[in-house]
Amino acid sequence: MIQITFPDDSKKKYKEGITIEEIAGDISPGLKKASVAGYVNDALYDLNRPIIEDATIQIITKNDKAAFEVLNHSTAHLLAQAVKRLYPDATFGVGPAIDEGFYYDINTESVIKEEDLEEIEKMMHRIAEEQTEMTRKELSKEAALNLFEDDKYKQELINDLPEDETISVYSQGEFTDLCRGGHIGYTHKIRHFKLLSIAGAYWRGDSDRDQLQRIYGTSWFTKKGLKKHLKVLEERKERDHRKLGKELKIFHLDKDAGQGLAIWLPNGYAVRKQLEDYVYKLEKKAGYKHISTPALGTKKLYEISGHWDHYRENMFPIMERDDETFVLRPMSCPHHMIVYRSELRSYRDLPIRYAEIVTQHRYEASGALSGLERVRAMTLTDAHLFVRKDQIKEEVLAAYNLILQAITDLKLEIEYVELALRDKDKGKFHDNDKLWDMAETTLKELLDEENIDYTPMTGEAAFYGPKIDIQVRTAMGHVITMSTVQLDFLLPERFDLTYIGSDGEKHRPVVIHRGLISTWERLMSILLEQYKGAFPTWLAPVQLKIIPVNLELHSDYAKKLNDQFIDEDFRSELDLREEKLGYKIRDAQTNKIPYQLVVGDNEIDANKVTYRKYGKKKQTTVSVDEFIAMVKQEIKDKT
RNA sequence: GCCGGAAUAGCUCAGCUGGUAGAGCAACUCACUUGUAAUGAGUAGGUCACGGGUUCGACUCCUGUUUCCGGCACCA
């Protein structure tokens with residue numbers, strides 16, 4: 001007999017070899033049905049894995065977060081078994097559960113197509129109906145290597161396992177897979193799933209190695225859950241910034257203009273201008289000075305900065321004219337170093353904060369380009385802060401808080417904060433260990449002191465230094481970098497930047513690179529998805545649309561209002577087209593204009609307006625002055 | 001860049017196994033002159049992404065290129 005301790009500290013004796021499923025069944029039939037797996041002394045156990053010693057257990061039920069992972073991981077195994085039946089030559093890479101489902105990487109001579117997924121799915125259902133048990137077996141490394149002797153991927157995985165790690169395999173029917181486990185025990189418990197897509201993926205994420213075929217899918221405990229998720233996927237497409245950007249005439253991409261080279265249309269530029277003005281004001285208040293430097297610079301400038309050595313592959317090819325070689329700038333830091341260097345600086349001058357609206361060009365891999373999210377020409381307000389060492393923390397923190405301010409004002413949410421560190425084994429980082437350690441330690445300390453949760457990311461640093469990256473999740477579910485604060489001890493060295501200290505000696509300043517809210521391109525993609533194209537009034541390309549009920553009778557009043565609104569700095573437009581009222585109203589609504597004003601006799605008589613807020617049915621009649629005050633307040637509040 | 005898919009009117013899409021293209025919306029014309037999501041009638045609009053091939057004949061089949069889409073790698 002063994003003693004099982006439950007989360008509430010109650011204890012009960014069971015025969016050795018009892019499973020989570022049996023214990024759940026002992027408590028209640030309902031719990032048995034809802035149980036998915038369990039934690040046994042904090043280790044994830046399959047539903048049907050025998051427990052052989054005294055243990056504290058916790059039953060995972062369908063509603064627990066871990067349950068979804070277990071189910072999806074098990075579904076990945078089911079997928080692999082089905083694929084193996086249909087494609088006997090198939091070998092497998094990894095097949096984990098992910099946020100919203102699972103995938104499995106497959107190597108086969110056959111090319112699996114989108115249309116084949118249906119057949120694979122059918123086979124999965126058939127296997128599930130066979131009601132096979134998923135059983136665990138632990139074995140020695142030697143035995144494991146033997147078992148997978150025809151599978152180079154599994155061999156590699158086994159050889160890379162730590163020596164003390166237990167090697168386990170899971171079998172269901174004829175199919176056996178290397179796996180750490182945490183399974184649902186029986187194939188027939190997997191019922192509501194869908195295969196979603198097929199894509200290429202490099203073995204172990206290494207572009208120099210094999211490319212496998214990756215099948216993505218999602219698996220749920222109920223039909224309703226699956227259906228709901230599929231609907232979410234559908235709805236995401238509706239807020240795709242590429243679709244909204246076209247519908248609302250925000251931007252245009254044209255292959256004759258060049259791939260990844262986005263064109264801002266009037267509506268898009270109207271929004272961007274508001275953002276530019278907003279950021280300018282924010283920076284001015286925070287003590288930044290704005291400058292302007294060229295998009296073109298000498299190759300030498302980028303050799304000094306180190307970009308030529310470390311970033312060349314992301315740069316457009318050089319241009320030669322007379323005896324000079326030029327490059328299109330991918331970043332603005334080198335120019336800002338030059339600006340700093342242009343005068344003699346005193347310790348009293350620091351911190352110096354330079355900001356610039358910069359258009360930069362980067363040669364991004366063609367396959368990476370996507371709408372406004374990844375482009376080859378991008379504009380942002382970039383900034384570099386030149387500080388003394390004793391000012392680092394204060395200035396990094398101030399920059400971080402400025403970022404928080406912008407993210408809050410834009411109603412965005414931070415997904416998580418990354419601390420990007422270097423990987424000493426990778427060559428892409430400059431090699432001054434002392435500077436690196438100093439920079440990394442400083443940032444870590446700061447984040448800890450401020451109680452900011454962060455995820456360390458080894459190898460993700462910029463070549464010149466570590467960075468704090470602020471990640472947001474797009475409506476499409478992608479996590480992307482929104483803002484960044486980077487600490488740089490290298491460029492001051494390379495440009496020989498100095499200031500005169502209180503001791504009369506030359507000292508080295510430190511540079512903080514700061515990206516506030518990404519580039520206008522990326523920000524626009526995020527905002528379009530965030531707002532579903534319905535911009536808040538302060539950003540909307542057109543804020544007010546005035547529609548006269550009758551063109552002959554009410555146009556004069558509409559024009560008068562429009563003039564007045566434009567004098568108030570509102571972005572107001574008149575709709576004087578010879579169309580029906582209903583048509584114009586629909587047009588204003590489909591263009592997601594915040595305020596739609598219909599004016600007729602009632603309004604003229606009382607010098608009032610009747611407005612309808614976008615998305616709302618309610619009509620409100622107020623005096624013109626009241627309306628102006630209300631909209632002004634709303635713009636001010638950024639709501 | 002890599003793996004897979006796609007490309008038909010300004011936009012969204014139909015077009016079965018080869019017989020040179022169609023709808024809705026938008027545009028234009030005419031009539032209608034309107035109180036909160038599409039007035040009606042008509043007109044025009046296409047080297048079916050581009051190049052090469054197979055064929056009596058190619059939007060359709062083969063092939064190359066370009067761009068876009070789903071991922072991977074890369075990244076703001």
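A, B, ... follow the sequence lines: proteins, then strands. Residue 1 opens every chain.
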Task: Contact under 4.0 Å: A:N550 side-chain N or O vs B:U34 OP1/OP2 - done: yes
Open item on the list: Could you tell me how far B:A14 sits from B:G24 if I compare only their P atoms? Round to whole Å.
Closed with: 16 Å
Open item on the list: Are A:L233 and A:L196 packed together at the side-chain level, in the sense that at least one heavy-atom pair is separated by less than 4.5 angstrom?
Closed with: yes
- [ ] Mind calculating the distance between CG (A:D469) and C1' (B:C75) to the nearest angstrom?
- [x] 10 Å
TODO: Determine whether the aromatic ring centres of A:H290 and A:Y354 lie less than 6.0 Å apart.
DONE: no
Open item on the list: Between B:U29 and B:C2, how far apart are the two P atoms, rounded to whole Å?
Closed with: 50 Å
- [ ] For A:T519, answer base if it contacts any base atom (sugar-phosphate contacts may also be present), sugar-phosphate if it contacts only those atoms, and nothing otherwise; contact means non-hydrogen atoms under 4.0 Å.
- [x] base
- [ ] To the nearest Å, give me how far apart CD (A:Q259) and C1' (B:C50) are.
- [x] 16 Å
Open item on the list: Do A:R362 and A:M331 have side chains that approach each other closer than 4.5 Å (heavy atoms only, starting at C-beta)?
Closed with: yes
Task: Residue met sooner reading RNA chain B from 5', once A:T484 and A:R577 are mapped to nucleotides - done: A:R577
Open item on the list: Expressed as a whole number of angstroms, how long is the span from A:Q213:CD to B:G70:C1'?
Closed with: 14 Å
- [ ] Give a yes or no on whether the backbone of A:S518 and the side-chain of A:R522 come within a donor-acceptor separation of less than 3.5 Å.
- [x] no
Task: Spacing of the C1' atoms in B:U12 and B:G52 (rounded, Å) - done: 32 Å
Open item on the list: Strictly under 4.0 angstrom, non-hydrogen atoms only: write out the protein contact profile of nucleotides 8-16 of chain B, one letter per nucleotide from the 5' end, B, S or -.
Closed with: ---SS----
Open item on the list: Quick check on side-chain contact (heavy atoms from CB on, under 4.5 Å): which of A:Q486, A:M337, A:R514 does A:H384 satisfy it with?
Closed with: A:M337
- [ ] Taking the six-membered ring for Trp and the single ring otherwise, decide whether the centroids of A:F627 and A:F565 are under 6.0 Å apart.
- [x] yes
Task: Upstream residue (5' side of RNA chain B) when A:Y363 and A:G258 are each assigned their closest nucleotide - done: A:Y363
TODO: Output all residues satisfying side chain to side chain contact (heavy atoms under 4.5 Å, CB included) with A:I414, sequence neighbours left out; order by chain, then residue number.
DONE: A:L404, A:I407, A:V417, A:I470
- [ ] For nucleotides B:A73 and B:C11, find the distance between their C1' atoms and express it as a whole number of Å.
- [x] 34 Å
Open item on the list: I'd like the C1' distance from B:G1 over to B:A38, given in whole Å.
Closed with: 47 Å
Task: Atom-pair distance (CZ on A:F102; P on B:G71), nearest Å - done: 16 Å
- [ ] List for me each residue that meets side chain to side chain contact (heavy atoms under 4.5 Å, CB included) alongside A:L551, sequence neighbours excluded, and say none if there are none.
- [x] A:P548, A:S555, A:L576, A:E578, A:K584
Open item on the list: Please report the distance separating the P of B:U17 from the corresponding atom of B:A7, rounded so that it comes out in whole Å.
Closed with: 14 Å
- [ ] Spell out, as yes or no, whether a donor-acceptor pair under 3.5 Å connects the side chain of A:E529 to the backbone of A:H241.
- [x] yes
- [ ] Decide, yes or no, whether a salt bridge links A:R242 with A:E373 under the criterion of side-chain N to carboxylate O below 4.0 Å.
- [x] no
- [ ] Check if the side chain of A:R374 and the base of B:C75 share a donor-acceptor pair of N or O atoms closer than 3.5 Å.
- [x] yes
Open item on the list: Using the side chain to side chain contact (heavy atoms under 4.5 Å, CB included) criterion, which residues pair with A:E276? Sequence neighbours excluded.
Closed with: A:Y269, A:R272, A:K273, A:I357, A:W520
Open item on the list: Please classify the nucleic acid contact of A:A199 as base, sugar-phosphate, or nothing, using heavy-atom distances under 4.0 Å.
Closed with: base
Task: Distance in angstrom units between A:L196 CG and B:C72 C1', rounded - done: 17 Å
- [ ] Indicate for each nucleotide in nucleotides 35-40 of chain B, in 5' to 3' sequence, whether protein heavy atoms under 4.0 Å reach the base (B), only the sugar-phosphate (S), or nothing (-).
- [x] BBBBB-
Open item on the list: Using a heavy-atom cut-off of 4.0 Å across all strands, would you classify A:S366 as base, sugar-phosphate, or nothing?
Closed with: base
Open item on the list: Check for me whether the distance between the ring centres of A:H310 and A:Y464 falls short of 6.0 Å.
Closed with: no
Open item on the list: Please classify the nucleic acid contact of A:K467 as base, sugar-phosphate, or nothing, using heavy-atom distances under 4.0 Å.
Closed with: sugar-phosphate
Open item on the list: Does A:E364 contact B:A76 through a side-chain donor or acceptor facing the base, at a distance under 3.5 Å?
Closed with: yes
- [ ] Kindly say if A:S197 contacts the phosphate of B:G71, meaning a side-chain N or O under 4.0 Å from OP1 or OP2.
- [x] no
Task: Sidechain-backbone polar pair: A:E356 side chain, A:D382 backbone, donor-acceptor under 3.5 Å - done: no
Open item on the list: For B:G70 and A:R242 - does any side-chain N or O of the residue sit under 4.0 Å from the phosphate oxygens OP1/OP2?
Closed with: yes
Open item on the list: Say we look at B:C62 and B:C69: how far apart would their P atoms be, to the nearest angstrom?
Closed with: 24 Å
Open item on the list: Please convert RNA chain B into dot-bracket. A pair counts if it is Watson-Crick or G-U wobble with both distances under 3.5 Å; crossing pairs go in [ ] and bases paired with another strand get |.
Closed with: (((((((..((((.....[..)))).(((((.......))))).....(((((..]....))))))))))))....
Open item on the list: In whole Å, measure the gap between the C1' atoms of B:U60 and B:A21 for me.
Closed with: 12 Å
Task: Test of ring centre spacing under 6.0 Å for A:W203 and A:Y153 - done: yes
- [ ] Grab the OH-P distance between A:Y202 and B:C2 for me, whole Å please.
- [x] 8 Å
Task: For atom OH of A:Y103 and atom C1' of B:G4, their distance in whole Å - done: 17 Å
- [ ] Calculate the interatomic distance between A:K255 atom NZ and B:U65 atom P; express it in whole Å.
- [x] 14 Å
